[in-house]
Amino acid sequence: MPEDARSKTLEGVLNQLLAADLDGDGAVSLGEIFSAFGTRSFGPVLLILGLIQALPTGGIPLMPDVIGLLTILLFAQMLIKPNRPWLPARLMRMSIPQPLLDRSIHRVRPWIRKADRLFRKQLGFLYNNRPALAVLSVAGVATGVMIIILGFVPFAAAIPALSLICFGIGLTAEDGVPILMGYAILGACIGLGIYWFGLL
C-alpha cells in the first residue's frame with residue numbers, strides 16, 4: 001500500500017509512529033514524530049499528540065504542558081496554512097523512551113483497528129470548509145488550554161486528550177462523527193472544570 005494510503009488509516013499512523021526513531025537512539029523525539037507526519041496534514045499529528053497524553057506516556061514530567069502548548073499552536077495555524085503545520089524546534093527535542101511508547105501503542109492498537117472499520121467519510125461539513133475549520137480551531141485551542149490546566153492533577157489531562165484524539169481521528173479518517181464526539185467530550189470537560197473551580 002502506498003505511504004499516503006497508509007497514512008489515511010489510523011493503524012497506519014501507529015505503524016509510522018513506531019518507525020519514527022530515525023536516529024536509532026532508543027527514544028522518539030517530538031521532532032521525529034513531526035518529521036514523520038507534519039508535512040502532510042494536521043490529523044495524524046493531532047491524533048498522536050492526543051494518544052501520547054492519554055496513554056501512560058502522558059505521565060512524563062511536563063508532558064501535559066508541552067502537549068497543550070503544541071495543541072494550541074497547531075490549531076492556531078489551521079486557518080492560516082491548513083496543510084503545512086509548523087512547530088518550534090526547542091519543543092521538538094522532548095523525547096519519549098521507545099519501550100514506553102511501544103507498550104502504549106500495543107495497548108491502544110485493538111481500539112484503533114476497530115475505529116478504522118467504524119469511521120467512514122461522512123458529515124464533511126464539519127471539517128472541509130473554512131467556517132468549520134474556524135470552529136474546530138477554537139475548540140482545539142480550548143482543548144490545549146484544558147490539557148495544561150488539568151496537567152497539574154496526575155493523569156487528569158487524559159480527559160481533554162480524548163477530545164484531541166477524536167479531532168485527530170476525524171481529520172485523518174475524514175469523518176465528522178469523531179469530531180462531534182470531540183466537541184461533546186470538550187464540552188463536558190469544560191463544564192466539569194467550571195464546576196470544580198466554582199467549588200474552590
Side-chain angles (χ1 to χ4, degrees), residues 1-17 20 30 33-54 67-88 91-92 105 108-109 111-148 158-191:
M1 183 182 296
E3 183 178 345
D4 287 344
R6 288 197 304 268
S7 67
K8 286 296 185 180
T9 69
L10 303 177
E11 187 173 12
V13 171
L14 292 186
N15 292 336
Q16 286 180 263
L17 177 59
L30 294 178
I33 293 173
F34 190 75
S35 295
F37 301 107
T39 59
R40 287 197 292 278
S41 72
F42 286 88
V45 178
L46 295 172
L47 172 58
I48 292 304
L49 291 179
L51 288 172
I52 289 173
Q53 185 56 58
I67 296 298
L69 181 58
L70 294 180
T71 298
I72 292 170
L73 288 175
L74 283 170
F75 277 106
Q77 294 175 57
M78 189 173 287
L79 287 177
I80 302 172
K81 294 183 178 180
N83 295 312
R84 299 290 297 180
W86 170 88
L87 295 172
L91 292 176
M92 294 299 91
I105 290 177
V108 77
R109 187 181 292 275
W111 298 98
I112 290 295
R113 284 176 177 167
K114 291 178 181 179
D116 262 329
R117 294 192 296 267
L118 178 62
F119 295 119
R120 299 290 185 269
K121 291 185 178 182
Q122 53 190 331
L123 303 181
F125 65 90
L126 289 172
Y127 62 85
N128 64 2
N129 58 78
R130 297 286 288 185
L133 287 179
V135 174
L136 183 57
S137 296
V138 172
V141 169
T143 299
V145 171
M146 292 300 299
I147 289 174
I148 293 173
I159 302 173
L162 293 176
S163 180
L164 183 57
I165 290 171
C166 288
F167 294 149
I169 288 175
L171 292 172
T172 301
E174 298 180 351
D175 191 331
V177 172
I179 290 178
L180 279 179
M181 294 169 60
Y183 288 149
I185 294 171
L186 176 61
C189 186
I190 292 175

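Just so you know, these numbers use all the heavy atoms, side chains as well, and skip hydrogens, waters and symmetry mates.
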Interatomic distance, Leu46 atom CG to Leu70 atom CG [nearest 0.5 angstrom]: 10.0 Å
Answer whether the closest heavy-atom distance between the side chains of Met78 and Leu171 falls below 4.5 Å. yes
Results of ring-ring contact (aromatic ring centres under 6.0 Å, His included) for Tyr183 - residues two or more places apart only: Phe167
Output for pair (Gln77 CD, Ile72 CD1), nearest 0.5 Å, gives 12.0 Å
Under the side-chain contact (heavy atoms from CB on, under 4.5 Å) rule, what do Gln53 and Leu164 come out as? Steps first, then yes or no, please. CA-CA 9 Å; Gln53 185 56 58; Leu164 183 57; over 6 Å; no
CG on Asn128 to CD on Glu174, rounded to 0.5 Å: 8.5 Å
Just so I know, are the side chains of Leu74 and Leu49 near enough to count as touching, which here means a heavy-atom distance under 4.5 Å? yes
Enter the distance from Leu186:CG to Ile159:CD1 here, rounded to the nearest 0.5 Å. 12.0 Å
Kindly write out the residues that satisfy side-chain contact (heavy atoms from CB on, under 4.5 Å) with Leu123, not counting sequence neighbours, or none if the list is empty. Phe125, Leu126, Val177, Leu180
Could you list the residues that satisfy side chain to side chain donor-acceptor pair (under 3.5 Å) with Arg113, not counting sequence neighbours? Glu11
Distance-only donor-acceptor pairs under 3.5 Å for side chains of residues 132-146, two or more places apart:
| residue | atom | partner | partner atom | Å |
| --- | --- | --- | --- | --- |
| Ser137 | OG | Phe75 | O | 3.3 |
| Ser137 | OG | Leu133 | O | 2.7 |
| Thr143 | OG1 | Ala139 | O | 2.9 |

Hey, does Ile185 have a side-chain heavy atom less than 4.5 Å from the side chain of Cys166? yes
Rounded distance [0.5 Å steps], OG1 in Thr71 versus CD1 in Ile147: 4.5 Å
Is there a donor-acceptor pair closer than 3.5 Å between any side-chain N or O of Tyr127 and the backbone N or O of Gly170? no
